[in-house]
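Written below as structure tokens is the structure these notes are about.
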2 protein chains.
Amino acid sequence: MTHSEENYLKAIFHIGKGGVNDISTNAIAEQMETKPSSVTDMIKKLSEKNLVNYKKYKGVSLTDAGKSTALSIIRKHRLWEVFLVEKLDFSWDEVHEVAEQLEHIKSEKLIDKLDKLLDFPKYDPHGDPIPDKNGNFKVIDKKLLSELSVNDKGICVGVKDSSSQFLKFLDKNKIALGDVIEVTDKEDFDGSFQLKINANSFNVSNQIASNLFVQITE
Amino acid sequence: MTHSEENYLKAIFHIGKGGVNDISTNAIAEQMETKPSSVTDMIKKLSEKNLVNYKKYKGVSLTDAGKSTALSIIRKHRLWEVFLVEKLDFSWDEVHEVAEQLEHIKSEKLIDKLDKLLDFPKYDPHGDPIPDKNGNFKVIDKKLLSELSVNDKGICVGVKDSSSQFLKFLDKNKIALGDVIEVTDKEDFDGSFQLKINANSFNVSNQIASNLFVQITE
DNA sequence: AATTAAATTTAGACAAAGCTAAAAATTTGT
DNA sequence: ACAAATTTTTAGCTTTGTCTAAATTTAATT
Ligand SMILES: [Mn+2]
Ligand SMILES: [Mn+2]
Ligand SMILES: [Mn+2]
Ligand SMILES: [Mn+2]
């Protein structure tokens, strides 16, 4: 299995959100930042290896083998991210690029030992769940902050956009995973939110609120 | 810089033992387990990039840039080996293959933080020196055990052959780096050595003695 | 010095992964 | 229902790194 094949499987998994939807060639091309014609070529190879189901013009879906491979890559990616933050003092906006490389290291023993060193973490630094050895993970019932109503309260449990820009914005505004967020008001005019976090009041744009996951507490 | 280019530079460095000898195409091919014609192709590319000095039929040597790159790969390789042994409980015969992959991860910050996490180790698990950020390392004055005379004593500081077979043999016989080894007798017949290590007596073949480095103490 | 042997390079091919441009299939809009 | 727009595939080309087989250069032996 090449790096490229692994990246395609991961991309297909992410677009399909773990389900078995039929994924379009163009969607994969966009996610992989490549051309549709290149995607078609790779899909044929993956299909040949029984990692995806493919019928011309009808899109692809992962086979069980393909899904299991994708989950293994995601597991490695997220464990390495935890390692970088917890053991090497990286900040959460710096880990993704390096994890993109580390996720392709092939050694079952390495990843098992790493998992143990980190004390079997269940979530990565961005709140995304880490699959176990068998590809199982718990999906927690989270909502976008933007879906909350006034006076709703929730715990910040993840980010939808994990770009460096957004993460740095959160750092600057002292918003971190685990914080309790209360919606004190919503502005009709621009859809912005008035929040209370750790006794501080914030106003955040609708775009910010649409990229923060919370778990409602009451 | 591709993985393959990095591996060639490393191979050339190892064959030349850090000096600036002219290295033959065949020697590189053997080290890389590839064909001489492939080596010629790669040499041309490296020469184009000013990483090696090359004149047709006359062999190659590393330029300063090439040597510096090679040392950076070796630094990463050996730091990862220390990490695997110290932090993930790998044994010293299991680390090389994984380090061959990890050495190609590109992140200056990663390797600096790793160095710090490991408390700036000077030697890898096989006794090989770890270059610092600037490519400097101390060469300790070590000899092969096979060069010692009867009644010489030395501290075991490294292995020449770091194959899994040899390392496992040492484990089985409880010979480890740091042990004090005394040559109590040499057998003319087969060149084997009678040793005393930690109050135990051993007989080892000449081949074993020719693959253990010691630092003479008296 | 001439011949043979060995080392090295060249020529031509291939697989992987990408690209552009053109063709074909599907979807959309009227 | 049919033309237009969009999506997807195909065809052909490129780069990287490898290979085999043949040619060339250098080294070793008579
Ligand atoms: Mn990530
Ligand atoms: Mn990746
Ligand atoms: Mn090694
Ligand atoms: Mn390597």
Side-chain angles (χ1 to χ4, degrees), chain A residues 1-16 20-62 65-66 69-70 73 100-101 103-106, chain B residues 1-16 20-62 65-66 69-70 73 100-101 103-106:
Chain A
M1 181 89 53
T2 67
H3 288 200
S4 191
E5 289 173 332
E6 292 182 344
N7 286 337
Y8 271 93
L9 291 176
K10 200 171 56 133
I12 295 168
F13 182 91
H14 278 138
I15 297 168
V20 282
N21 324 333
D22 275 0
I23 310 296
S24 77
T25 302
N26 272 0
I28 299 171
E30 193 184 355
Q31 173 86 14
M32 297 284 300
E33 297 183 50
T34 184
K35 302 292 169 182
S37 56
S38 307
V39 174
T40 301
D41 284 347
M42 179 56 86
I43 280 172
K44 284 179 185 167
K45 205 201 318 181
L46 294 175
S47 173
E48 204 56 47
K49 294 187 174 186
N50 290 309
L51 293 163
V52 300
N53 305 115
Y54 172 56
K55 264 178 299 185
K56 267 197 201 180
Y57 295 100
K58 299 301 179 189
V60 296
S61 61
L62 294 174
T69 304
I73 308 297
E100 281 292 306
Q101 299 180 60
E103 73 189 7
H104 300 291
I105 302 291
K106 281 156 191 64
Chain B
M1 182 89 54
T2 66
H3 288 200
S4 192
E5 289 174 331
E6 292 183 345
N7 285 337
Y8 272 94
L9 291 176
K10 199 171 58 135
I12 295 168
F13 182 90
H14 278 138
I15 297 167
V20 281
N21 322 334
D22 276 0
I23 310 296
S24 76
T25 302
N26 271 359
I28 299 171
E30 194 184 355
Q31 173 85 15
M32 298 283 300
E33 298 182 50
T34 183
K35 303 291 170 183
S37 56
S38 307
V39 173
T40 302
D41 285 347
M42 179 56 86
I43 281 172
K44 284 180 185 166
K45 203 200 320 182
L46 295 175
S47 174
E48 203 58 45
K49 294 188 175 186
N50 290 309
L51 294 163
V52 301
N53 305 115
Y54 173 55
K55 264 177 298 184
K56 267 196 200 180
Y57 295 102
K58 299 300 180 189
V60 296
S61 59
L62 294 175
T69 304
I73 307 297
E100 281 291 306
Q101 298 180 61
E103 72 188 9
H104 300 292
I105 302 291
K106 280 155 192 65

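By convention in this document, chain letters (A, B, ...) are assigned in the order of the sequence lines, proteins followed by strands, and residues within each chain are numbered from 1.
- Atom CD1 in A:I43 sits roughly 10 Å away from atom C1' in D:dT9 (whole-Å rounding).
- Atom CG of B:D41 and atom P of C:dG12 are 14 Å apart (whole Å).
- For the side-chain contact (heavy atoms from CB on, under 4.5 Å) test with A:Y8, the passing option among A:L46, A:I43, A:T2, A:V52 is A:L46; the others fail.
- Summarising the geometry of A:A27 relative to A:I15, their closest heavy-atom pair is O-CD1, 3.5 Å, with the distance given to 0.1 Å.
- Annotation for B:L62 and B:N53: closest pair O-OD1, 3.8 Å, computed over non-hydrogen atoms.
- What you find for A:P36 and A:A29 is that their closest heavy atoms are N-CB, 3.7 Å.
- Rounded to a whole Å, the NE2 atom of A:H3 is 18 Å from the P atom of D:dT16.
- For the pair B:T40 and B:Y54, the minimum side-chain heavy-atom distance is below 4.5 Å.
- Remark on DNA chain C: of its neighbouring residues B:K55 and A:T2, the 5'-side contact belongs to B:K55, judged by nearest-heavy-atom nucleotide.
- Between the CE atom of A:M42 and the C1' atom of D:dT10 there is a distance of 18 Å, rounded to whole Å.
- The interatomic distance linking B:Y8 (OH) with D:dT16 (P) rounds to 14 Å, in whole Å.
- The distance between atom CD of B:E5 and atom P of D:dT18, rounded to the nearest whole Å, is 10 Å.
- Residues A:T34 and A:M42 have side chains not in contact (no heavy-atom distance under 4.5 Å, counting atoms from C-beta outward).
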Protein N or O to nucleotides 20-22 of chain D N or O, pairs below 3.5 Å:
from: D:dT20; atom 1: O4; to: B:S37; atom 2: OG; distance (Å): 3.0

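- Residue pairs that meet the salt bridge (Lys or Arg N to Asp or Glu O under 4.0 Å) test with at least one member in residues 1-13 of chain B, sequence neighbours left out, are B:E5-B:K45, B:E5-B:K49, B:E6-B:K106, B:K10-B:E100, B:K10-B:E103.
- Scanning all heavy atoms of the two residues, the minimum distance from A:N21 to A:S61 falls at O-CB, 3.5 Å.
- Nearest heavy atom pair, residue A:L9 against residue A:M1, reads CD1-SD, 4.1 Å.
- Atom pair B:M1:CE and D:dT15:P shows a separation of 20 Å (rounding to whole Å applied).
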Q.
For nucleotides 3-8 of chain D, give me one character per nucleotide, 5' to 3': B if any protein heavy atom sits under 4.0 Å from the base, S if the only such contacts are to the sugar-phosphate, - if neither.
A. ----SB

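- D:dT18 atom P lies 9 Å from atom CG of B:N7, rounded to whole Å.
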